[in-house]
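Each chain gets a letter, A, B and so on, in the order its sequence line appears, and its residues count up from 1. These values consider heavy atoms only, across backbone and side chains, with no hydrogens, waters or symmetry-generated copies. What you see is a predicted model; the values in this text were computed from it and never measured.
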Amino acid sequence: MSTHHHDHHHDHDHGHDHQEPPSDAALRVKALETLLTAKGLVDPAALDAYIDYYETKVGPRNGAKVVARAWTDPAYRRRLLEDATAAIAEFDIRGRQGEHMVAVENGPKLHNLVVCTLCSCYPWPVLGLPPVWYKSDAYRSRAVIDPRGVLGDFGLVLDDDVEIRVWDSTAEIRYLVIPERPAGTEGLDEAQLAALVSRDSMIGTAKVTAP
Amino acid sequence: MNGVHDMGGMHGFGPVLPEADEPLFHHDWEARALAITLAMAGWKRWNLDVSRHARERSDPADYLRNSYYERWIDGLGRLMVEQGLLTEREWATMQPDPAAPRQTPPIRPQDVPALLDRGGPTARSEGQPAGFAVGQRVRARNINPVGHTRLPRYVRGHVGTIMLDHGPHVFADDHAHFRGENPQHLYNVRFEAAELWGADAAFRGDVRVDLWESHLESA
């Protein structure tokens with residue numbers, strides 16, 4: 001299946017691509033781009049612009065800023081929980097695959113986890129493009145039936161009395177997990193806190209730890 | 001459709017394998033595949049729901065074997081041929097039909113950031129009136145359409161509780177078949193783990209699924 005056979009295989013190869021012949025997929029996509037360009041169906045410079053947007057404009061640093069603000073500004077936290085789309089837009093963060101946002105908050109006895117079992121829906125404006133594991137069949141199949149097992153694959157073990165809430169993104173609502181602020185971070189400012197917030201903690205497969 | 005894409009609750013795919021310091025793309029072709037797919041949507045011959053359904057219609061063995069962006073390209077090829085942007089021969093040979101006139105791409109480089117910033121909201125101010133209220137018990141209908149549906153198999157027939165009313169949204173099951181937007185209320189529904197998985201529920205908690213009015217009945 002997709003990720004842990006195919007892509008994982010390539011993971012081992014990464015860094016040696018220049019010594020290898022291009023894969024079938026690489027040749028096929030190259031041929032497709034050439035065909036579509038010749039027919040005037042795409043402009044290669046526009047393709048570069050799409051890639052640049054996802055390489056430079058969106059990514060998990062966006063979500064981390066939102067979380068750090070929620071940790072330090074109670075009024076912002078309330079706005080975020082009330083209307084996440086609007087609260088996130090206060091940072092000028094918006095767009096494709098984040099048109100309708102809902103923020104869900106972890107606590108000592110509640111842990112949220114986000115998945116898309118039907119495809120790979122993911123909040124692109126706040127987290128960027130999804131990692132391979134999020135798109136993997138293993139994650140999509142198991143998160144809703146064995147979330148504790150999935151968390152274990154990430155080395156995250158929660159106490160038995162913690163309730164797990166799994167959000168399956170079946171429509172155009174996208175979910176952002178607000179992780180718990182770790183103890184021992186009282187002296188950090190918003191930017192320092194944002195630097196601690198990992199992508200996985202905003203999906204729900206990790207906790208945030210103090211430096 | 002009851003396809004292999006509807007994976008919630010399936011067994012046998014092995015452990016999840018997180019990758020430390022994962023790059024945004026593992027290969028250049030993945031970035032090009034993403035960009036080509038997004039740019040071709042600029043022809044407006046299909047919508048996001050149509051394109052999701054195109055990926056679901058991949059041969060099941062191909063779907064499972066392919067990586068994420070290979071699934072995208074497979075679905076895109078199907079759409080381009082069905083919607084007349086490429087001939088079957090062009091898709092098969094990757095050679096342009098010399099008789100076809102050269103066209104002008106609809107998306108210019110300078111348009112891209114604003115297009116992505118705008119996205120494609122699916123909330124609509126008007127739609128069918130809400131049939132359910134927050135707190136109400138509902139059952140996910142036992143429907144098995146051969147076309148696109150965003151009602152996953154693992155919740156069908158199960159009883160849950162309406163937790164959120166997201167308001168009217170474009171109904172994906174219709175939109176994926178060019179039957180119009182037909183906005184209807186979209187709800188977040190809580191299904192207890194034990195309701196979905198019985199005695200085999202491996203956790204205490206619930207699964208929350210966004211479902212449209214047409215997916216639900218009173219319980």
Side-chain angles (χ1 to χ4, degrees), chain A residues 1-2 4 6-8 10-11 14 25-26 29 31-33 35-36 38-43 45-47 49-51 53 55 94-96 99-100 117-120 129 131-133 135-141 144-150 153-154 163-168 170-173, chain B residues 5-10 13-19 22 24 26-27 29 31-33 35-36 38-40 52 64 66-68 70 73 85 90 94 96 100 102-105 107-109 112-113 116-117 119-123 150 152 154 166 169 186 197 202-210:
Chain A
M1 82 92 229
S2 65
H4 59 271
H6 181 97
D7 288 335
H8 194 64
H10 284 291
D11 296 344
H14 202 65
V29 171
L32 178 61
E33 182 177 338
L35 170 65
L36 297 178
K39 288 180 67 69
L41 292 173
V42 298
D43 174 351
L47 303 184
Y50 280 105
I51 295 166
Y53 184 92
E55 284 182 334
R94 60 171 60 81
R96 185 189 171 92
E99 295 92 342
H100 307 290
T117 61
L118 294 172
C119 41
S120 301
L129 299 176
V132 166
W133 64 257
K135 302 176 288 193
S136 72
D137 301 345
Y139 185 72
R140 287 169 51 192
S141 60
V144 290
I145 189 169
D146 183 20
R148 282 182 177 271
V150 166
D153 291 342
F154 288 81
E163 178 189 336
I164 313 256
R165 188 171 291 171
V166 184
W167 299 84
D168 189 355
T170 47
E172 296 304 327
I173 313 297
Chain B
H5 69 282
D6 185 359
M7 320 187 142
M10 286 177 71
F13 288 111
V16 181
L17 298 172
E19 177 185 350
E22 180 176 336
L24 189 61
H26 287 80
H27 306 281
W29 71 262
R32 304 311 283 181
I36 291 168
L38 297 179
M40 286 305 292
R52 285 202 182 108
L64 292 174
N66 282 343
S67 67
Y68 178 72
E70 287 174 314
I73 291 298
L85 291 171
E90 285 175 322
M94 294 289 173
R102 186 182 160 85
Q103 307 196 67
T104 303
I107 308 286
R108 299 172 303 167
V112 169
L116 293 174
D117 282 348
T122 57
R150 296 298 285 182
Y154 74 90
H166 299 299
H169 275 252
L186 177 70
W197 312 115
F203 66 106
R204 195 175 65 77
D206 53 62
V207 182
R208 308 220 171 179
V209 184
D210 287 323

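The shortest side-chain heavy-atom distance between A:V144 and B:W197 falls under the 4.5 Å cut-off. Between B:R52 and A:L118 there is no side-chain heavy-atom pair separated by less than 4.5 Å. By the 4.5 Å heavy-atom criterion applied to side chains, A:Y50 and B:I36 are not counted as neighbours. Side-chain contact between B:R108 and A:D43 is absent, with no heavy-atom pair separated by less than 4.5 Å.
Of the possible polar contacts, none joining the A:D137 side chain to the B:F13 backbone as a donor-acceptor pair under 3.5 Å is found. In this structure, A:R140 contributes its side chain and B:H5 its backbone to a donor-acceptor pair below 3.5 Å. In this structure, A:E33 contributes its side chain and B:R32 its backbone to no donor-acceptor pair below 3.5 Å.
With chain B as the partner, the residue from A:G95, A:A31, A:G40, A:A46 showing the most heavy-atom pairs under 4.5 Å is A:G40. Between chain B and the residues A:I51, A:L36, A:I145, the largest count of heavy-atom pairs under 4.5 Å involves A:I145.
Once rounded to the nearest 0.5 Å, the distance linking CG of A:L41 with OG1 of B:T104 reads 10.0 Å. With values rounded to the nearest 0.5 angstrom, B:D6 atom CG is found 10.5 Å from A:T170 atom OG1.
Both the backbone and the side chain of B:A39 come within less than 4.5 Å of a heavy atom of chain A. In this structure, chain B has a heavy atom under 4.5 Å from the side chain of A:E99, while its backbone stays farther away. In this structure, chain B has heavy atoms under 4.5 Å from both the backbone and the side chain of A:Y139. With a threshold of 4.5 angstrom between heavy atoms, B:L186 approaches chain A through side-chain atoms but not through N, CA, C or O.
Contact detail for A:W133 and B:E19: the closest heavy-atom pair is CD1-N, 4.4 Å. Of all heavy-atom pairs between A:A38 and B:R102, the closest is O-NH1, 2.9 Å.
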